[in-house]
Structures are given as structure tokens and as C-alpha cells.
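All values below come from the heavy atoms of this structure, side chains included, with hydrogens, waters and symmetry mates left out. Heads up: numbering here begins at 1 and tracks the sequence. Just so you know, ligand 1 is whichever comes first in the structure, and atom 1 is the first atom listed for that ligand.
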Amino acid sequence: MKVYKFGGTSVGSPENMRMVRQIITDGEPKLVVLSAMSGTTNSLVEISSHLYQQHPHKASEVMARLEEKYARVVEALYATPEYREKGQVVTEGIFRMMRLFLHKSFTLKEEKILVAQGELLSTQLFTLLMQESGHSTFLLPALDFMRVDEERAADLPAIRTLLLELIDNSPRVDYYITQGFICRNPAGEIDNLERGGSDYTASLVGAAIDAEEVQIWTDIDGFHNNDPRFVSNTRKIDQLSFNEAAELAYFGAKILHPQTIFPARIQNIPVRLKNTMNPSDSGTLITTRSDGSGIKAVAAKDGITAIKIRSGRMLMAYGFLKKVFEIFERHKTPIDMISTSEVAVSLTVDNTRHLEEIHHALMAFGEVEIDRDMSIICIVGDIIREETGFASRVFNALDGIPIRMISYGGSRYNISVLVPTSHKTSTLQTLSDKLLNASF
Ligand code: ADP
Ligand code: ASP
Ligand code: MG
């Protein structure tokens, strides 16, 4: 069976939902993962922040606007009064429950329940649409099988056991629908895979059922060689390797949630990116193979903090880095980039939750310097196969950009540079102009 995932824009209007119906009903059975309609999760996050700040009035206003939007969606989505009524029952039930949050204390637990409602809405409304048009369809509740562990990492063995059991006990249908993004934690509470997490749901579900292929349907024709939100003249890439795609997703390519590739790579399941608005386009195929050689694409990850520790104690010493790493480990803070000299080590983190404590602990080793608002620019490709002179071409292209750190040689797929976020767009554009789109 194939797994298809449709993102926010793909299910963002009644028209688009009908388009999704047309794409999936090609006679092949499928498991379909849906995001919330575009804008919904953002509205739910906005409602949550009003409730945290104890502004129930503002929260109520945003909720009312969202409810009106769903009333219009239900009105336009179905062909028959019977299904319009079923749609109304779904939306009214969910908004009635959400309104209860306006009057009670609001914690992280309530927030997670609230932000889960977008996927619960879209999947129920879409399942009704499929049933109205006579397609044998069944809704598999993601909360019954999607699991994360204490660290909020996906628990694939548990997901596999629960999902296979659930499918076994469900009616035999052509189309199974489920929610992206949402899951339960070990306490049994509603949780999520973080923003953009529906892609990750799709690859986890694909790995759990050993799918033939995972298709991620979105609003663009595939993986581009640069970020189209910031750079003009980007180009679609036909084929990427799992390693290349994983690096790009991890280092900020929004088209894929950072973790999406891992479950697919473990089980060698092809991942295809497709455009819901242009289904006949072949999109981008991600497998063990990559086409061509050399530099493929660049991506940028914002919100990076650089930490430099300058210490006389590093000179000729061993065991110093271990002690530094232990501090990050103790505070559960992953390190992305690292570069060292005889007297200093620089590294980057994107999680600053424990920065204060880390800063304090590092001061025992020497002088500590912290730079915020940095971006990692990641250049990806089969770099080993590049002809010599690769590094000089990259540095020539980056002439005039204030580079704070460089990481090269860590893997054959990636070279990363750290720049102030204020220089991100110009760095991406110059890489497109001088490296990706230039003919040599
Ligand atoms: P969905 O709601 O379908 O999950 P997203 O907005 O999360 O869609 O991801 C698709 C968007 O990712 C595109 O519209 C595009 O603006 C952005 N994007 C960023 N980097 C890339 C890239 N390298 N290739 C394609 N799209 C990218
Ligand atoms: N709806 C969630 C979000 O907007 C998950 C997703 O769309 O992937 O982040
Ligand atoms: Mg997305």
C-alpha cells in the first residue's frame, strides 16, 4: 500500500479537498495522512497565546472567526443536505469543546489538545466527503497509534504494533484516512510532532506498514535547489538521495519536516514530493540514489546561537572537548556545528532553553562569547564526486559575506557556513547565482 500525505494548502479549501479526492481515488488502496486546513494551526496557536496571557476575549474572537470559516467550508464542501448536516455536527462538537478552554486554567496540556483540533477537523470533514461520494473510506484515529516517548521522539515499534492491530480490527476499505502531526505521549496525553509534523507522520506510518512508497503532496512541484521564499530563479530537483534530502530538511528546507527522511531511509521506502495543484508533474523522488553529481541544493536554518569558548586549558590537553560536550548532554541540548582551534572551540545550538545554565557551566573553562540570531546555510550534494576546487568555488561565491563558522568534511554530502540571519537572503541568493545556476 502507498501512503499519501496532503499538507495545509492541499486541504485548504473545499475545492482543494475535492482535488485531493480526485487524486487519491485512482483505484489503488491507500493510507492518506492529512494536515489541518492552512491557517488553522496558526489560529490555534494564536488562541493558545491569548489564553496563556489570560485574554479570553481575544481568544474567543479568534475562535469565532475560525468557527465562521468552518461553517462556510461545510456549506461549500458537500453536495447533499444530509452530509452538510453531518459536517455541521463535527464542527459544532469540536468548537463547543474548544470554547470550554476559555474558562479554565490554561497549561501546556491544554495547548496541545487545542492545537490538535485542526487535524481532527480536516480528517473528519474529508472522510465525510469521501463517504458522500460513495468511496469506501475509514478514519483511523492517529491518537490510537501515534506514540512518542519521554523525550518526545517517535516510538516506531509502538506505532507499528498499534497501527497494524488497528488496521486488522477495522473494516476493509480502499482508503484509510488519518491525522498528521498529532500523537500521544507516555502519560497518554495528547501531544504532537511539532510544527510541520504531518510529513513525519507520513514517513512513520509508511515505515510502520512497510509501504511501497510515501508521497508528500504539497503546494510546489518538488524539492527546489534553494528556498523559493527568499530566492528567485530556484529550480526543481528530479532526484535526491535520502542523505541529501535529510541534510536539507534538517537544515531548514521547509518542504519537509526535519525528521521525515529517517524512518523511510531505514526501510528503504521511496519518498516522492508531488504538487497537488499539478498532479501530472513527476515531482522529486528521494531514494538511495541521487542523480548527477556535485552541488545540488542549499537550505537555511534560522534561530541559531553560536557559542565560543576560549580557554588556555585546551592547549596540548586531551579530554577538554569531552567536558564541554558533557555540559550540553546534561542540558539535553544538541549541537549542530562545531569547529575548533588550539585555544578555542565554537559550536552552535538551536535550542536555547538551557542557554543560561550552559553559559554558566562553560565559564568554568574560560571566556565564553554568545552570538544570537545566526543562520546555518547548508550546501548539499555529492561533494566527494565534485572535481577539485569545490571549496574555492564555494568561498569565491561567498566573497563579501561575513562568515562566522565553517564546517566541511563532516560528511561527503554537506558543507555548512554560519552567517548572521540579517545576511541569510543575500547568502542564499548569491549561492544560487554563482554556484547553483552558474555554468562552469
Ligand atoms: P505543506 O503545508 O504542504 O506541508 P509547507 O508550507 O510546509 O507545505 O512546505 C511547502 C513550502 O516549502 C513551499 O511552498 C515553499 O515555499 C517552501 N520551501 C522551502 N524550501 C523549499 C525547497 N527547497 N523546495 C521547495 N519548497 C521549499
Ligand atoms: N498542522 C500542523 C502545522 O501547521 C502540521 C502540518 O501541517 O504538518 O504545523
Ligand atoms: Mg509542511
Side-chain angles (χ1 to χ4, degrees), residues 4-13 16 19-20 23 32-46 48 66 111-112 114-123 142 146 178-183 191-205 214-238 240 244-260 271-278 281 283-284 286 296-302 375 377-381 424-425 428 431-432 436:
Y4 280 28
K5 174 261 169 176
F6 292 88
T9 317
S10 303
V11 294
S13 67
N16 288 3
M19 184 77 155
V20 170
I23 290 169
V32 178
V33 176
L34 299 184
S35 287
M37 296 181 79
S38 51
T40 300
T41 312
N42 285 347
S43 297
L44 297 170
V45 169
E46 192 188 342
S48 302
L66 196 62
E111 178 184 348
K112 287 183 176 164
L114 200 57
V115 299
Q117 301 309 313
E119 273 70 13
L120 293 169
L121 278 163
S122 64
T123 48
M146 285 301 295
T178 196
Q179 296 88 13
F181 179 59
I182 64 175
C183 59
D191 212 315
N192 61 61
L193 302 175
E194 315 230 324
R195 294 306 305 270
S198 298
D199 304 326
Y200 193 26
T201 303
S203 65
L204 288 164
V205 163
V214 172
Q215 296 194 357
I216 311 275
W217 290 75
T218 182
D219 56 6
I220 188 163
D221 55 357
F223 220 118
H224 279 222
N225 64 355
N226 204 332
D227 194 325
R229 292 170 301 170
F230 304 107
V231 172
S232 55
N233 65 7
T234 64
R235 262 186 293 124
K236 186 192 82 167
I237 305 167
D238 293 326
L240 279 172
E244 291 164 346
E247 299 268 14
L248 289 164
Y250 184 75
F251 286 108
K254 186 183 177 241
I255 187 163
L256 279 183
H257 178 279
Q259 321 248 48
T260 311
V271 177
R272 197 183 279 278
L273 307 183
K274 296 269 293 174
N275 187 353
T276 306
M277 320 307 152
N278 184 14
D281 191 283
T284 297
I286 304 167
K296 284 291 198 54
V298 301
K301 182 172 169 181
D302 296 336
S375 295
I377 311 286
C378 171
I379 303 156
V380 162
K424 175 181 81 169
T425 303
L428 289 175
L431 286 169
S432 257
L436 296 167

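Geometrically, ligand 2 and Glu194 share no nitrogen or oxygen pair separated by less than 3.5 Å. The shortest N or O to N or O distance between Gly196 and ligand 2 is below 3.5 Å.
With ligand atoms numbered from 1 in the order given, ligand 2 contributes 6 (C), 7 (O), 8 (O) to contacts under 4.0 Å with heavy atoms of Ser35. Short contacts between ligand 2 and Thr41, defined as distances under 4.0 Å to a heavy atom of the residue, involve ligand atoms 1 (N), 2 (C), 3 (C), 4 (O). Of all atoms in ligand 2, listed by their number and element, those nearer than 4.0 Å to a heavy atom of Ser198 are 5 (C), 6 (C), 7 (O), 8 (O). Proximity to Phe223 (heavy-atom distance under 4.0 Å) selects the following atoms of ligand 1: 23 (N), 24 (N). Atoms of ligand 2 found under 4.0 Å from any heavy atom of Arg195, numbered from 1 in the order shown, are 3 (C), 4 (O), 9 (O). Close approach of ligand 1 to Asp227 (heavy-atom distance below 4.0 Å) involves ligand atoms 19 (C), 20 (N).
Panel note: side chain Glu119, backbone Ser35; no donor-acceptor pair is recorded below 3.5 Å. At least one donor-acceptor pair under 3.5 Å links the side chain of Thr201 to the backbone N or O of Phe181. For the pair Asn233 (side chain) and Ser432 (backbone), a donor-acceptor distance under 3.5 Å is absent.
The nearest protein atom to atom 5 (P) of ligand 1, hydrogens excluded, is given as Lys254 NZ, 3.6 Å; this is a heavy-atom distance. Of the protein's non-hydrogen atoms, Asp219 OD1, 3.5 Å is the one closest to atom 13 (C) of ligand 1. Nearest to atom 24 (N) of ligand 1 among the protein's heavy atoms is His224 N, 2.8 Å. Ile255 N, 3.5 Å is the protein heavy atom nearest to atom 12 (O) of ligand 1. Of all protein heavy atoms, the one closest to atom 16 (O) of ligand 1 is Arg229 CG, 3.3 Å. Of the protein's non-hydrogen atoms, the one nearest atom 2 (O) of ligand 1 is Gly8 N, 3.0 Å. Nearest protein heavy-atom neighbour of atom 8 (O) of ligand 1: Thr218 OG1, 3.2 Å.
Residue Glu119 touches ligand 2 through its side chain alone, judged by heavy-atom distances below 4.0 Å. The residue Leu248 has no part lying near ligand 1, judged by heavy-atom distances below 4.0 Å. Contact annotation for Lys5 and ligand 1: only side-chain heavy atoms (C-beta onward) come within less than 4.0 Å of the ligand.
Contact analysis puts Gly197 in contact with ligand 2, with a non-hydrogen atom separation below 4.0 angstrom. Close to ligand 1: Asn226, with a non-hydrogen atom less than 4.0 angstrom away. Heavy atoms of Gly222 come nearer than 4.0 angstrom to ligand 1 in at least one pair.
Counting heavy atoms only, Pro228 comes closest to atom 21 (C) of ligand 1 of the residues Ala253, Pro228, Gly196.
No hydrogens or angles considered: nothing links the side chains of Asn16 and Ser10 as a donor-acceptor pair under 3.5 Å.
Of the residues listed (Ile216, Thr218, Leu273), the one engaging Asp199 in a side chain to side chain contact (heavy atoms under 4.5 Å, CB included) is Ile216, and it is the only one.
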